[in-house]
Each structure stands twice: as structure tokens, then as C-alpha cells.
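Read through the structure below, which is laid out as C-alpha cells, and then see the notes.
Chain identifiers are assigned alphabetically (A, B, ...) following the order of the sequence lines, protein sequences preceding nucleic acid strands; residue numbering begins at 1 within each chain. Just so it is clear, the model here is predicted, and its values are computed rather than measured.
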Amino acid sequence: MGETIVTRFAPSPTGHLHIGGARTALFNWALAQGRGRFLLRIEDTDRARSSEHAARGILEDLAWLGIDWDEGPEFEGRGGDPRSVGPFRQALRLPHYDVCVERLIAEDLAYPAFETGEELELLRAAARKEKRGFRYRRAAGWDREAALARMAAEEHVVRFRMPQAPVGVVDAVLGNVEFGEEHLDDFVIRKRDGFPTYHLAVVADDAAMGVTHVLRGQEHLNNTPRHVALQRALGFPQPVYVHLPVIANPDGSKLSKRDKDKAARAAVKAAIAEAGEGARERFAACVGAEALEGWLGDKRSQLEPALLAELAALLELELPCIEVEDFRRAGYLPEVVCNYLALLGWSPGEKDAEDRDLERFDRDFLAERFSAERVGRSAASFDLEKLGAFDQESIAGLSDADFYERWSEWLTRYAPQALEREESWRRRFAAMIRTRSRTLADPTASAGPGAFAWLPDDGYAFDPKAVAKFLHKGEPAGHVLLTAASEVLAAVEPFEPDAIEAAVRELAEARSVGMGKIAQPLRVAATGGSASPPLGETLAILGRAAVDRRIRRCLGECAPA
RNA sequence: GCUCCCAUCGUCUAGCGGUCCAGGAUGCUGCCCUCUCAAGGCAGAGACACGGGUUCGAUUCCCGUUGGGAGCGCCA
């Protein structure tokens with residue numbers, strides 16, 4: 001292997017890892033596997049919004065996905081600084097950026113500026129009014145000596161002098177992109193608080209850390225001329241740029257954390273419209289009256305994640321999966337999330353043994369085959385159905401023991417009360433519900449395939465349509481056969497799937513009816529609905545006593561009119 | 001508004017000038033299997049945005065139109 005590739009993922013710690021960020025991390029990781037190193041850097045130059053908590057959450061999200069970093073913050077055996085290019089938090093690298101800034105100022109490639117944010121806002125508004133773009137440019141009669149003198153005494157930002165020439169960006173997937181100089185302005189590289197802006201920080205750090213390939217979302221393309229200009233001014237080598245297509249919502253808009261608020265807001269408004277002011281008060285009690293009004297009125301405002309979750313629970317609304325943590329909570333397997341994500345904007349372009357497009361593969365395969373040449377150009381929208389299909393297929397492919405392990409881990413984290421059931425029961429239940437589960441959350445989901453097994457014997461409703469079809473109609477009617485079945489079941493020994501099914505079959509033959517004539521009424525009685533795992537398994541997992549109670553309740557509540 | 005990017009089935013995509021009346025996956029529909037569901041098997045509907053070029057020949061190359069997206073911060 002010739003040149004060593006160095007890639008990096010550089011999230012800003014302002015919340016959980018976004019699913020688009022996860023894909024970026026995955027591709028950066030993949031490119032470096034076996035070819036070089038992958039490093040993680042925390043871009044926490046926004047002092048107001050960054051948090052230690054969020055940074056840790058992101059490390060955890062990456063670790064869950066199976067994305068390990070060679071260099072970066074240390075976390076459960078990952079990370080470290082073998083080449084001494086750290087630290088990997090930008091807030092700890094301020095002197096490093098200052099060196100760059102001073103150098104640029106000394107060469108008159110950067111300069112202090114003293115306008116306040118409000119002044120700039122006015123200028124921008126004026127430009128907008130005249131329908132032209134606002135560009136900050138150093139005034140013609142600018143006095144360098146005076147500015148430098150002022151700089152020592154006054155608060156200021158430092159701006160980079162954008163060269164008065166077009167800047168060309170070379171991108172591995174988009175080709176050459178030209179940006180005219182008339183649109184590039186003198187951007188800020190060091191803020192009033194002394195922290196570098198994103199532009200300076202990435203460029204300085206990528207150079208210091210020897211980053212050779214920058215894979216990032218296409219939304220960064222417009223920033224790239226700035227970075228290129230900075231690299232040239234500082235004499236830094238230029239990395240290979242690979243701009244990844246954005247991941248969009250089904251409606252075509254960019255997938256955003258705000259989508260959760262959007263979904264909840266729509267649901268709240270609908271609820272208020274339908275149920276009136278009473279509903280509004282209920283929501284106000286949850287988030288606070290003032291906060292609620294503000295949030296409802298401003299499309300861009302966001303609620304605290306915890307409050308949003310509470311609100312969703314109140315609405316019985318499932319918030320869209322946007323962050324890695326959402327997918328984890330929803331019970332998707334991390335390897336499947338990686339697999340699906342890898343297909344968004346990239347494809348291996350190979351066929352499988354059946355001559356179909358190869359779509360299912362693991363991280364090792366991705367690491368081996370990934371290359372910028374096969375990255376697509378157009379935005380990809382996230383299809384939860386397809387992810388679900390992949391997840392179901394993977395779950396079906398797990399052994400009973402492996403599934404039980406994975407499911408137990410999920411339960412421990414997200415539904416610990418389920419652990420109160422005996423382990424032997426849970427193992428048995430897991431085995432019968434596995435192939436009917438799309439996610440690890442399905443076995444305990446209230447509308448899931450195994451819901452009947454978790455509810456108390458008097459805690460579920462009998463579906464009226466199923467009751468009408470399987471208990472009331474027919475000759476003999478279902479409830480008559482159910483009564484007979486109830487007696488047969490009382491004598492079944494042992495109360496296990498095979499014996500139960502044999503007994504039911506025998507009864508069906510004795511009455512000269514099909515197996516379904518008896519199985520369905522039993523199923524309705526035992527589960528409330530007309531669909532469940534095979535009858536024997538369904539009844540056996542409940543146990544003889546529970547089945548008896550359930551049948552009695554059903555006979556009592558669902559007698560024909 | 002300005003700049004930049006993009007454009008194949010609903011969605012993800014294969015296709016890098018003829019092998020394409022366009023292939024796969026997912027979703028959808030029907031049938032089979034079957035005590036129901038799930039799984040499985042089989043079958044089916046479903047796309048090259050439009051208009052100009054270039055070429056013997058365009059889904060593939062060029063230009064334009066239209067449509068979509070992103071960016072325009074002392075956020076990253």
C-alpha cells in the first residue's frame with residue numbers, strides 16, 4: 001500500500017448523532033480501514049451550544065454502530081493519540097489556531113474588524129432589500145496601522161481576506177466546481193470570544209492531523225472554496241474532497257432534528273382542532289403554557305428532547321427516527337443500520353449469487369469495497385420500510401440464542417420491566433416471536449405480534465370484527481365450538497404446543513369441521529384478535545390457567561346478542 | 001433574491017453510446033402454502049422530467065427549460 005489515507009469524522013457536540021452524520025462517519029471509517037487511519041475530532045468551538053454530555057453521547061452512538069476510531073477521544077478502548085497530533089477537542093487547541101491567525105495577519109492576509117453583530121445585521125437587511133447578496137469586504141481606504149492599534153484595545157473579530165479571484169474546488173464525486181470571486185467575501189476566522197470559526201478550525205486541524213481525505217455532506221460544498229483559499233494562504237496541502245449527497249425526508253426536504261418537532265407540532269394542532277381547548281390545557285400542563293404557545297407559533301423552535309418525548313407519549317405519537325439513538329431505541333440492529341446507511345448514496349455495484357444487486361453486506365465488506373468513485377451525486381431519501389425489511393431479515397437469520405441475547409440487551413436498556421418475567425418464559429417467547437419481529441422492540445410493542453402475552457388476562461379487548469366473524473357467524477357458531485374446546489383443553493396433558501394442537505385437531509375431526517373453525521375462536525379468546533403465532537404455541541406460552549380464564553371472559557363478554 | 005449541486009419505477013439504486021420495449025431491492029397487488037399472522041414460493045403493475053443538439057445510434061455526451069435540494073452566520 002502506497003500512501004496512507006487519513007480520514008476523520010468531526011461532529012460538533014450539540015446533541016445526539018444525527019443519522020446523516022452516522023453515514024458520514026461510516027464512510028470515513030470505511031475508507032480508512034486497511035488503508036490508513038480514521039480519527040475522531042470534536043468540533044466544540046461554539047461555546048454556547050457544545051456540551052460534554054453531547055460529546056459523550058456521540059461517542060456512544062458511534063461505538064454502538066461499530067464504528068471505531070484509531071485516534072481521538074478515548075472511549076472504552078477506542079481512540080488515543082499515537083502520533084501526538086492531539087488533543088482532539090478544538091476547545092483545547094486554541095493556541096494552535098492563534099498561530100495561524102497571527103501568521104495571516106502578519107502577512108496581511110487577515111485583518112481585524114470591529115463591526116458589531118447588529119451593525120452587520122443592518123447591512124445584510126439592506127442588501128436583501130436591494131435584492132443583492134451581502135458580501136463583507138474590507139473598505140478601500142483601509143488603514144492597517146490604525147486597525148492593528150485598535151485591535152489591541154478593542155473587541156474584534158478577525159477576517160480572512162478572500163483572494164480576488166475565482167476559486168476552483170476539486171471534488172472526487174462532483175468534479176471541478178468553480179466559485180466566482182464576486183460571491184466570496186472576507187469571512188470571520190476568529191470570533192470575538194477568541195475561538196476560531198469552523199472554517200479556520202477544520203483547515204488548521206486537518207492539516208495538523210495529516211488528514212488526506214475529507215468526506216462530508218454536500219451541504220458543505222459552498223464552504224469549500226473558503227477552505228481551499230485558507231489552505232493556500234497557509235501553505236497547507238489540500239485533502240481530497242468527497243461530498244456526499246444529502247439524506248432527505250420522504251418529502252424531499254433535508255432530514256433534520258427539527259422534524260421531530262414538526263411531527264409533534266402537527267399532531268398537537270390536530271388534537272386541539274379536534275378536541276378543543278381541553279386538549280390545549282393538557283399539553284400546556286406538560287410543557288408549560290407559555291412554552292407551548294411559543295413552540296406552536298414558531299415553526300423553527302425546538303422543544304427539549306425530554307419534553308418532546310413526553311408530549312409524544314401524551315399524543316400516542318411515534319416521533320420520527322432522526323438520531324442514531326432513535327433507531328437504537330426503536331430496536332434496529334446496529335449492523336443493519338450501517339448496512340442500510342451504506343446504500344444511501346453509495347452502492348457496491350456488484351451482483352450476488354442469484355444475480356441480484358448485492359445489497360446485504362457487513363461492515364467488513366463495506367470497508368473492503370468502499371471507494372469515492374461509487375458515491376452518487378443525487379440526494380437520497382430515507383426509507384424506513386426498507387430498513388425495517390432488512391432488519392426483519394437479519395433478525396430472522398439470528399439463532400434463537402443470539403436473538404435472545406440481543407433482545408435481552410435491548411430490554412435492559414429500554415424496557416426493563418419486561419425482565420420481571422422468568423428467563424425460561426422469555427426464552428420461549430423470544431423463539432416464537434422472532435420471525436414475526438421487525439425490530440427488537442416488536443416483541444414487547446403494545447401493537448406488536450406478541451402483545452397478547454404481556455397483557456393481564458382481563459387486560460385486552462376482543463376485536464369486534466374478529467368476534468363477529470369467528471364467534472358469532474357460522475354453523476355451528478364459534479362460541480359453541482369454543483365452549484367445547486375449553487373442555488378439551490382442560491384435559492390436555494402436557495399443556496404444550498404439540499399436545500394442544502393434537503387435541504384441537506381431534507376435536508375438529510370429531511365435529512367434522514376444519515381446524516380453523518376451532519383455532520380461530522380460540523385465538524380470538526386467548527389474544528383478542530385473529531392473528532398470532534401457531535395456536536399451540538400461543539396457548540402454551542400463556543399457560544392452562546390463563547387460557548381458561550381468557551376463554552371464560554370471552555364467552556361472558558362476547559356472547560351472541 | 002444570489003451562488004452551488006442534483007434529476008432512471010412511490011423509495012433506494014444498477015446502467016459509465018448499441019447487450020435496455022431498462023435489471024435488482026423495498027413497498028404495492030394477486031395466487032400457492034396454511035388454524036391465523038409471519039416466513040417461504042410464484043406471478044404482476046410500476047421509471048429513463050421536458051426540449052434541442054452531437055452521433056449511424058442516446059437512459060448514457062453537450063446546451064437549455066422545468067422541477068427539487070443545499071448554502072448565503074462572530075453555527076458547524
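Among the nucleotides B:U13, B:A76, B:U3, the one closest to the side chain of A:Ala380 is B:U13. Here the nucleotide nearest the side chain of A:Asp383, chosen from B:U26, B:A76, B:C74, is B:U26. Distances were taken from every side-chain heavy atom of A:Leu344 (C-beta onward) to each of B:G73, B:C12, B:U11; the shortest belongs to B:C12. Considering only side-chain atoms of A:Met515, the nucleotide from B:C35, B:G71, B:A76 that sits closest is B:C35. If you check B:A25, B:C75, B:U3 against the side chain of A:Lys386, the one that comes closest is B:A25. Among the nucleotides B:U26, B:C74, B:A70, the one closest to any side-chain atom of A:Glu385 is B:U26.
Across all strands shown, B:C21 forms no Watson-Crick or G-U wobble pair with both key distances under 3.5 Å. Judged by Watson-Crick or G-U wobble contacts below 3.5 Å, the nucleotide B:C16 has no partner. Partner assigned to B:C2 is B:G71, using Watson-Crick or G-U wobble distances below 3.5 angstrom. Applying the Watson-Crick and G-U wobble criteria (two distances, each under 3.5 Å), B:A47 pairs with nothing in any strand.
With C1' as the reference atom, B:G69 and B:C37 are 41 Å apart, rounded to whole Å. Spacing of P atoms, B:A38 relative to B:A45, comes out at 24 Å, to the nearest Å.
Remark: the A:Glu501 side chain and the B:C35 base include a donor-acceptor N/O pair separated by less than 3.5 Å. Taking 3.5 Å as the limit, the base of B:C6 and the side chain of A:Arg377 contain no donor-acceptor pair of atoms between them. For A:Glu359 against B:G24, a side-chain N or O and a base N or O form a donor-acceptor pair under 3.5 Å.
Annotation: proximity of residues 522-539 of chain A to RNA chain B (heavy atom, distance under 4.0 Å) is found for A:Arg523, A:Ser530, A:Ala531, A:Ser532, A:Pro533, A:Pro534, A:Leu535, numbered in ascending order. For RNA chain B, the neighbouring residues in residues 174-183 of chain A, judged by any heavy atom under 4.0 Å, are A:Leu174, A:Val177, A:Glu178, A:Phe179, A:His183.
Defined by atom type and a distance below 3.5 Å, a donor-acceptor pair is missing between the side-chain atoms of A:Arg49 and A:Thr14.
For the side chain to side chain donor-acceptor pair (under 3.5 Å) test, no residue two or more places apart in sequence or in another chain qualifies with A:Gln218.
Among the heavy atoms of the strands, none lies under 4.0 Å from A:Ala396. Within 4.0 Å of A:Val188, counting heavy atoms only, lie sugar-phosphate atoms of the nucleic acid but no base atom. A:Arg226 comes within 4.0 angstrom of no nucleic acid atom, judged by non-hydrogen atoms across all strands. Using a 4.0 Å heavy-atom cutoff across all strands shown, A:Asp352 reaches no nucleic acid atom at all. Across all strands, A:Arg159 comes closer than 4.0 Å only to sugar-phosphate atoms, never to a base (heavy-atom distances). Contacts of A:Leu120 with the nucleic acid, taken as non-hydrogen atoms under 4.0 Å apart, include base atoms.
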Which protein N or O atoms sit under 3.5 Å from an N or O of nucleotides 18-21 of chain B?
none

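Between A:Ile433 atom CD1 and B:A39 atom P there is a gap of 13 Å when expressed in whole angstrom units.
Residue A:Tyr340 is the one, among A:Thr14 and A:Tyr340, whose nearest nucleotide of RNA chain B lies closer to the 5' end (criterion: closest heavy atom). Comparing A:Ser437 and A:Gly349 against RNA chain B, the residue whose closest nucleotide sits nearer the 5' end is A:Gly349.
Taking the centre of each ring, A:Tyr340 and A:Phe382 come in below the 6.0 Å mark. Checked against a 6.0 Å centroid threshold, the rings of A:Tyr198 and A:His227 count as neighbours.
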Q. What string of B, S and - do you get for nucleotides 40-46 of chain B, 5' to 3', when a contact is any protein heavy atom under 4.0 Å?
A. -------
**Q.** Contact letters for nucleotides 29-34 of chain B, in which S counts primed atoms plus P, OP1 and OP2 and B counts the base, heavy atoms under 4.0 Å
**A.** ------
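Within the 4.0 Å cut-off from OP1 or OP2 of B:G73, at least one side-chain nitrogen or oxygen of A:Arg124 is found.
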